[in-house]
A.B. asks: 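Before anything else, here's the structure in question.
When a ligand or atom number is given, it counts from 1 through the structure's own listing order.
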Amino acid sequence: MIVGLDEGSAAPASGGSRPDDDRLREECGVFGVFGNEEAAALTALGLHALQHRGQEAAGIVTFDGAHFHSERRLGLVGDNFNKADVIRRLNGHISLGHVRYSTTGDTILRNVQPLFADLDTGGFAVAHNGNLTNALTLRRELISSGAICQSTSDTEVILHLIARSKRRRIIERFIEALRQIQGAYALVCLTNDMLIGARDPIGIRPLVLGKLGSGYVLASETCALDIVGAEFVREIENGEIVTITAEGVQSHRPFPMRPARPCIFEFIYFARPDSIVGGRNVYEIRKQMGVQLAREAPTAADVVIPIPDSGVPAAIGYAQESRVPFELGIIRNHYVGRTFIEPEQRIRQLGVKLKHSANTGVVRGSRIVLIDDSVVRGTTSKKIVQMMFEAGAREVHMRISSPPITHPDFYGIDTPRSSELLAANKTVEEMRQFMGATSLAFLSVDGIYRALGLEKRDARAPQFTDHCFTGDYPTDLVDQNGSAHNGQLSFLSEVR
Ligand code: AMP
């Protein structure tokens with residue numbers, strides 16, 4: 001089936017170019033191996049550990065010394081890369097993988113990464129976690145100068161820029177391309193003799209380097225190093241490019257040095273709790289967020305209940321600090337994907353029901369502190385507060401271990417346009433009424449920074465990318481501020 005779609009159809013009814021209707025947003029995980037005969041099998045394992053970063057599609061590209069091989073599939077890693085014949089086809093000692101999740105509905109095979117192109121320097125594959133903030137603008141320029149775009153992904157722009165560079169060496173072309181892009185990127189690329197890793201100038205999205213035997217691994221998170229038994233070497237630094245060849249690892253710093261400003265949301269929700277991000281154990285930080293929340297918003301209660309799974313570490317911290325017992329008052333069905341995977345609000349609401357059930361024995365007759373890590377549209381909290389009362393709770397005190405999300409994200413974590421963000425449109429009291437909770441409180445912005453081991457947010461030089469709570473975007477939003485959004489982006493829809 002081939003259907004013509006256009007980007008404009010998803011715009012709000014009011015039309016016009018709102019500052020937040022970018023349709024190229026996506027969450028992702030990347031993983032690369034250099035110098036291992038089992039490169040593809042290791043990459044499948046690494047992607048499996050990164051599955052929480054994207055469940056819509058996965059892909060692996062390898063190079064075997066003579067040829068490149070590629071498999072890109074819609075669906076989960078475990079469902080697509082579990083067969084020996086698939087892995088055997090992906091021959092080679094260098095491998096690159098990607099898991100992807102977009103909320104735009106453009107789940108088409110041509111968008112599934114890694115993207116591959118034959119350049120005059122040889123084959124080149126790219127896998128991207130993040131979101132470019134000038135991709136639509138660049139894409140428009142490229143198309144008007146004759147480029148043919150195969151996907152609707154911002155990552156393809158990078159391939160075009162590399163292809164058009166007049167430089168001789170691939171690394172020079174790559175650097176020239178990076179000079180033209182803006183926004184958030186953790187990139188891993190593969191050529192016939194090299195694995196390349198790169199982080200944007202302020203290091204919004206994470207990327208780590210590991211050692212595996214005589215070879216190397218690049219991954220979005222340390223949990224993917226752990227699964228393949230790789231030893232953590234270090235993080236790729238903000239603005240750094242590393243090239244991994246038979247000679248070893250070489251570091252390049254082509255951009256002016258800037259202070260790092262990693263994304264705070266990795267700590268709140270996005271990264272897996274067992275990962276170490278920026279030297280911090282994500283689980284410990286989430287527990288600390290619960291501790292801070294208990295100090296900022298205590299309440300008389302009988303039991304602390306997390307919304308599983310993402311609310312669990314903060315609920316443990318809240319319970320320890322408040323000395324209110326921690327109980328599993330909600331049981332999660334693990335065979336349902338993340339609530340967000342369903343594109344329509346109606347289905348999303350159903351998804352919450354499919355995913356969580358009340359553990360009535362714990363809930364009945366209790367005054368509950370209910371903990372979740374964040375409120376986006378408010379769907380989860382509203383449903384679960386209602387579920388707690390239906391199960392016989394006397395009081396439900398909703399506590400959120402991050403501040404209200406008042407601004408959309410443009411760097412690849414999928415927080416939607418302002419009109420859909422609950423906290424962008426309601427006061428805390430209005431949100432409480434919407435959820436039907438007895439009380440509602442959020443962790444403060446400084447509370448998050450305290451949980452991260454800092455005294456407070458430095459308003460002049462914020463230590464993290466935290467625009468979701470503060471509106472302080474760390475880069476230019478070229479596409480949002482310019483005219484790119486008035487143009488329509490047409491693409492074909494194909495499903496396999
Ligand atoms: P909502 O129901 O729309 O308020 O979404 C809040 C729930 O989604 C919380 O339980 C979060 O753990 C989870 N969540 C927060 N941010 C994201 C994200 N970027 N992608 C998917 N789920 C998220």
Side-chain angles (χ1 to χ4, degrees), residues 20 22 25-29 50-56 99-104 129-131 184 204-205 263-273 282 286 289-290 305-315 330 332-333 336-356 370-387 398-426 428 430-432 434-437 440 442-443 448 465-469:
D20 53 359
D22 186 350
R25 207 175 301 142
E26 51 193 60
E27 312 175 326
C28 298
L50 295 173
Q51 189 79 80
H52 59 286
R53 299 184 73 88
Q55 297 103 53
E56 267 187 8
V99 284
R100 174 172 191 271
Y101 168 44
S102 78
T103 53
T104 58
N129 171 212
N131 198 66
I204 298 176
R205 301 259 75 84
C263 174
I264 207 160
F265 225 77
E266 293 283 345
F267 292 99
I268 295 165
Y269 171 81
F270 210 28
R272 223 171 75 164
V282 173
R286 287 184 190 162
M289 289 173 189
I305 294 177
I307 299 186
D309 292 328
S310 52
V312 173
I330 300 164
R332 175 169 165 187
N333 183 328
V336 184
R338 284 187 170 191
T339 334
F340 268 55
I341 211 81
E342 302 295 348
E344 297 294 331
Q345 178 76 1
R346 193 170 45 84
I347 307 287
R348 225 180 258 126
Q349 278 172 354
L350 190 67
V352 176
K353 256 193 178 155
L354 291 174
K355 202 157 108 173
H356 297 111
L370 192 59
I371 310 271
D372 204 0
D373 64 286
S374 55
V375 169
V376 182
R377 296 172 177 86
T379 319
T380 309
S381 335
K382 186 181 169 77
K383 278 275 159 196
I384 290 191
V385 168
Q386 197 181 326
M387 185 188 285
M398 190 79 209
R399 295 290 179 272
I400 308 296
S401 60
S402 65
I405 298 177
T406 48
H407 292 76
D409 177 72
F410 300 106
Y411 306 110
I413 56 163
D414 173 35
T415 49
R417 57 175 72 104
S418 307
S419 58
E420 291 178 46
L421 286 173
L422 195 68
N425 298 289
K426 293 190 191 303
V428 175
E430 285 166 348
M431 287 193 269
R432 183 197 68 74
F434 171 84
M435 292 173 190
L440 169 67
F442 291 81
L443 184 60
I448 282 269
T465 285
D466 59 8
H467 55 278
C468 291
F469 314 123

A.B. asks: At the 4.0 Å heavy-atom cut-off, does Y101 count as touching ligand 1?
C.D. replies: no

A.B. asks: Salt bridge check: are D309 and R332 linked by an N-O gap of less than 4.0 Å?
C.D. replies: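 Looking at D309 and R332, the cut-off is met.
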
A.B. asks: Given S374, A423, G311, which one has a non-hydrogen atom that is nearest to atom 6 (C) of ligand 1?
C.D. replies: S374

A.B. asks: Are the side chains of T465 and I264 in touch, meaning some heavy atoms are under 4.5 Å apart?
C.D. replies: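 In short, these two side chains do not touch, never coming nearer than 4.5 Å.
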
A.B. asks: Salt-bridged, E266 to R272, with N to O below 4.0 Å?
C.D. replies: no

A.B. asks: Nearest to atom 7 (C) of ligand 1 by heavy atom, V375, I400, T380: which?
C.D. replies: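 Looking at heavy atoms only, the winner is T380.
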
A.B. asks: Please check if the distance between the ring centroids of H52 and F270 is under 6.0 Å.
C.D. replies: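 H52 vs F270: aromatic centres not under 6.0 Å.
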
A.B. asks: Indicate, as side chain, backbone, both or neither, the part of V376 found under 4.0 angstrom from ligand 1 when only non-hydrogen atoms are considered.
C.D. replies: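 Within the 4.0 Å criterion, V376 contacts ligand 1 through backbone and side-chain atoms alike.
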
A.B. asks: Nearest 0.5 Å please: distance from the CD1 atom of I307 over to the CD1 atom of I384.
C.D. replies: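 Taking CD1 in I307 and CD1 in I384, the distance rounds to 4.0 Å.
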
A.B. asks: Should you measure from each heavy atom of S310, which atoms of ligand 1 turn up under 4.0 Å away?
C.D. replies: 10 (O), 12 (O)

A.B. asks: Is there at least one pair of N or O atoms, one from F265 and one from ligand 1, spaced under 3.5 Å apart?
C.D. replies: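 No - when backbone and side-chain N and O of F265 are compared with those of ligand 1, no distance drops under 3.5 Å.
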
A.B. asks: Hey, mind stepping through H356 and N333 against side chain to side chain donor-acceptor pair (under 3.5 Å) and telling me if it holds?
C.D. replies: CA-CA 6 Å; H356 297 111; N333 183 328; over 6 Å; no

A.B. asks: Among the heavy atoms of S381, does any lie under 4.0 Å from an atom of ligand 1?
C.D. replies: no

